Amino acid sequence: MESIDPATGRALPSDAIQRVLFVASPVHVYNIPPMMPGKGHVAATWTADAPDGSRRQIFTARLRVIETAVPVPGSADGDEKVKADIVLEDSATGQLFAAAPYTAGAVVESVSDSSRFFALRVQDEAGRKASLGIGFEERSEAFDFGVSLQEAQKTLDWGGGHSKKLVAVERKDSAEKRDLSLKEGETITINLPGRFGRRKPDPPPPYSENENLSSFSLPPPPSSSSSAPRGSGVLPPPPSAQSVRKKRLSAQELGFDDGKFGEFA
């Protein structure tokens with residue numbers, strides 16, 4: 001299928017590559033008044049009728065964001081010229097209504113009072129420019145439109161980095177992929193850490209209140225059936241009266257004579 005330049009309608013080289021980043025239909029197109037100083041574009045003035053009674057909506061279109069890559073003739077490194085265009089087409093026939101080459105961020109400007117409307121700077125083949133208003137019926141479509149513009153900016157490398165162009169990625173995917181499988185006899189060496197790894201310190205034993213108090217507890221008292229050892233601090237039971245009587249000696253047995261004077265004093 002022959003590729004067509006969306007901005008001019010002319011045929012592109014056979015090795016050119018195109019990619020559609022976004023499609024939405026229907027999109028309402030407005031003939032907008034000049035931007036208001038200090039307020040920017042206001043969509044409320046687009047949807048209202050003009051002072052002369054005419055309607056500002058002039059067309060209902062299909063909007064597409066198209067990325068085109070054309071190889072540079074005579075380039076040994078395979079350099080390509082990449083561009084992006086925002087095109088408004090007849091949704092029934094596909095005929096081009098207007099095109100806006102996306103060469104700067106000012107080509108698409110948001111309005112101050114709605115997230116569904118934008119001011120679009122279109123351009124014809126002669127280089128003449130005009131501003132048209134576009135409005136989406138759903139906020140989700142307007143959000144996706146903004147995402148596609150961000151993707152186009154990355155491909156055009158507006159950030160000044162060395163981002164890879166989408167066309168180069170697609171051609172790399174179609175080229176032969178590297179074979180990373182192991183050949184016969186090849187091995188892989190993997191360095192693992194120590195067998196057990198780094199040992200973690202053992203957690204302290206859980207605190208037990210009964211265990212700490214047990215070292216300060218007193219031994220139980222001896223039972224009445226067991227005899228107390230000497231030096232244990234426990235007094236023996238008192239002797240009985242019979243044993244005391246046997247041990248007591250009278251004065252006569254000790255060799256003293258009481259006589260008439262009674263006991264020896």
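Computed from a predicted model, the values in this text were never measured in an experiment. Sequence positions, counted from 1, serve as the residue numbers for this chain.
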Subject >> Trace of the side chain to side chain contact (heavy atoms under 4.5 Å, CB included) decision for Phe22 with Ile86 >> reply: CA-CA 9 Å; Phe22 175 74; Ile86 304 169; over 6 Å; no

Under 3.5 Å donor-acceptor, [X] side chain and [Y] backbone:
X	Y	result
Asp90	Gly94	no
Asp124	Lys129	no
Asp79	Val72	no

According to a hydrophobic-cluster definition based on side-chain heavy atoms being under 4.5 Å apart (Ile, Leu, Val, Met, Phe, Trp, Tyr only), do [X] and [Y] belong together?
X	Y	answer
Val122	Phe97	yes
Leu120	Ile58	yes
Val87	Ile4	no
Phe59	Val27	yes
Val108	Leu156	yes

**OP:** Answer yes when Arg116 and Glu141 have at least one side-chain N-carboxylate O distance shorter than 4.0 Å, and no when they do not.
**Re:**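 Salt bridge absent between Arg116 and Glu141.
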
Original post:
Could Asp144 and Arg139 be called an ion pair, given the rule that one side-chain N must be under 4.0 Å from one carboxylate O?
Top reply: no

So which atom in [X] and which in [Y] form the shortest heavy-atom distance, rounded to 0.1 Å?
X	Y	value
Asp113	Ala43	OD1-N, 2.9 Å
Ala142	Ser115	CB-O, 3.3 Å
Ala84	Ala152	CB-CB, 4.2 Å
Pro13	Val70	CG-CG1, 3.9 Å
Val107	Pro101	CG2-O, 3.6 Å

Subject >> Qualifying residue for side-chain hydrogen bond (donor to acceptor under 3.5 Å, both in side chains) with Lys83, from Thr103, Asp5, Thr155 >> reply: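 Between Lys83 and the candidates, side-chain hydrogen bond (donor to acceptor under 3.5 Å, both in side chains) is satisfied uniquely by Asp5.
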
Original post:
Looking at Arg121, Gln153, Glu67, which hits side-chain hydrogen bond (donor to acceptor under 3.5 Å, both in side chains) with Tyr102?
Top reply: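 One option only clears the test, and that one is Gln153.
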
Let me confirm one number: the [atom1]-[atom2] distance from [X] to [Y], rounded to the nearest 0.5 Å.
X	Y	atom1	atom2	answer
His41	Ser110	NE2	OG	10.0 Å
Ile134	Phe145	CD1	CZ	4.5 Å
Leu63	Glu89	CG	CD	8.5 Å
Arg62	Leu88	CZ	CG	11.0 Å

Original post:
Does the side chain of Leu12 reach to within under 4.5 Å of the side chain of Thr68, using non-hydrogen atoms?
Top reply: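 Side chain of Leu12 against side chain of Thr68, heavy atoms only: contact under 4.5 Å found.
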
Original post:
What is the ring orientation for Phe118 with Phe136, classed by angle as parallel under 30°, tilted 30 to 60°, or perpendicular over 60°?
Top reply: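 Phe118 vs Phe136 ring planes: perpendicular.
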
Per-pair distances, 0.1 Å, donor-acceptor, side chain in residues 28-35, under 3.5 Å, sequence neighbours excluded:
residue, atom, partner, partner atom, Å
His28, ND1, Gln57, NE2, 2.9
His28, NE2, Glu137, OE2, 3.0

